[in-house]
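Have a look at the structure below before the remarks.
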Amino acid sequence: MQNEEDEEAELEVLAEFSHPVPWQKIEAQGLDLDYALLFSKEEADALFKQLEEEVMYSTGEEAKVQVFGKLHNIPRRQATYGDAGLRYTYSGRTHLACTWTPTLEYIRDAVTNATGHTFNFVLINRYRDGEDHIGEHRDDEKELDPVCPIASVSLGAARDFVLRHRDARGKRGARRLEPVKLQLAHGSLLLMNPPTNTFWYHSLPVRKKVRLPRINLTFRRILLISRGEEPANVWSL
DNA sequence: GTGGCTCACTTTCG
DNA sequence: GCGAAAGTGAGCCA
């Protein structure tokens with residue numbers, strides 16, 4: 001009897017977030033992605049609005065990066081939230097994660113419900129319009145749990161997302177591997193499964209025609225460091 | 001000491 | 001005008 005009640009309670013919890021998620025699998029050499037629409041338009045609209053009110057983005061020196069000897073403002077806004085005490089470094093600067101907000105916890109739990117994975121950290125990138133962007137990079141830091149995918153939730157304007165194999169980059173790519181291009185929609189979830197981030201770089205290029213903002217949340221699981229004080233290095237997409 | 005890697009802006013080309 | 005690609009260096013790390 002008790003077991004039946006437990007099962008019922010568990011089903012209620014699951015139902016809170018359960019959406020019929022029709023996953024789309026995207027595969028190439030060393031690349032393994034799952035893409036789905038996680039939130040309805042109405043729910044995504046509401047979440048976007050709440051995040052606009054709740055999220056506190058980095059300012060000042062934390063929002064700058066040195067590239068080729070010159071200091072630039074990063075072409076987007078960034079914030080980090082997560083379990084207490086988690087830290088990360090960005091271009092030589094260490095940041096402390098803010099504690100979860102109710103909206104971030106809701107989205108995190110929805111992602112967990114849809115994927116079966118748990119996350120202790122989220123990097124938030126806000127792209128004001130199509131001029132804001134991020135260059136090619138990988139999220140392959142050793143502090144990330146190697147078996148846990150990185151889950152990317154998109155809210156707001158749809159933006160192109162481009163992946164390129166590491167051997168196809170540079171003046172003359174060693175191998176002819178076509179880039180993989182996706183459009184990340186409002187309310188969508190993209191899972192980057194291992195070993196994608198070992199072999200593939202990803203970027204969010206400039207798109208002049210995009211006039212509206214986009215908020216991207218990349219949920220990760222950072223391994224807790226038992227000794228030493230090395231911070232985790234975390235990027236984005 | 002050395003080599004690999006990283007970041008965004010500017011310029012060039014199609 | 002737009003998008004893609006190349007060229008640009010200081011700092012960090014193994």
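Labels below follow one simple rule: chain letters A, B, ... track the order of the sequence lines, proteins then strands, and each chain is numbered from 1.
For A/R126, the salt bridge (charged side-chain N to carboxylate O under 4.0 Å, His left out) partners two or more places apart in sequence, or in a different chain, are A/E52. In terms of the salt bridge (charged side-chain N to carboxylate O under 4.0 Å, His left out) criterion, A/K209 has no residue partners (sequence neighbours excluded). Partners of A/D129 by salt bridge (charged side-chain N to carboxylate O under 4.0 Å, His left out), not counting sequence neighbours: none found. A/E54 meets the salt bridge (charged side-chain N to carboxylate O under 4.0 Å, His left out) test with no other residue; sequence neighbours excluded.
The nearest whole Å value for the distance from the CZ atom in A/R164 to the C1' atom in C/dA4 is 9 Å. Going from atom CG of A/L204 over to atom P of B/dC7 covers 15 Å, rounded to whole Å. Atom pair A/F161:CZ and C/dA4:C1' shows a separation of 18 Å (rounding to whole Å applied). Taking atom NE2 of residue A/H133 and atom P of nucleotide C/dA5, one finds them 15 Å apart after rounding to whole Å. Rounded to an integer number of Å, the gap from CZ of A/R169 to P of C/dA5 is 11 Å. Atom pair A/L71:CG and C/dG11:P shows a separation of 11 Å (rounding to whole Å applied). Atom pair A/H72:NE2 and B/dT10:C1' shows a separation of 10 Å (rounding to whole Å applied). Rounded to whole Å, atom P of B/dC9 lies 15 Å from atom NE2 of A/H137.
Listed nucleotides C/dG11, B/dC5, B/dC7 differ in distance to A/Q66; the shortest reach to its side chain belongs to C/dG11. With B/dT6, B/dA8, C/dA4 as the choices, the nucleotide that has an atom nearest any side-chain atom of A/P205 turns out to be C/dA4.
At the phosphate of B/dT6, OP1 or OP2 sits under 4.0 Å from a side-chain N or O atom of A/R138.
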Might you list the N or O atoms of the protein lying below 3.5 Å from N or O atoms in nucleotides 1-3 of chain C, with each pair's distance?
| unit_1 | atom_1 | unit_2 | atom_2 | d |
| --- | --- | --- | --- | --- |
| C/dG3 | OP2 | A/K208 | N | 3.4 |

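Side chains of A/N125 and A/R76: a donor-acceptor N/O pair is present below 3.5 angstrom, by distance only. For the residue pair A/T198/A/R138, the side-chain donor-acceptor check at 3.5 Å is not satisfied.
Residues in residues 178-191 of chain A take part in these side-chain hydrogen bond (donor to acceptor under 3.5 Å, both in side chains) pairs, two or more places apart or across chains: A/D45-A/H186.
A/D132 comes within 4.0 angstrom of no nucleic acid atom, judged by non-hydrogen atoms across all strands.
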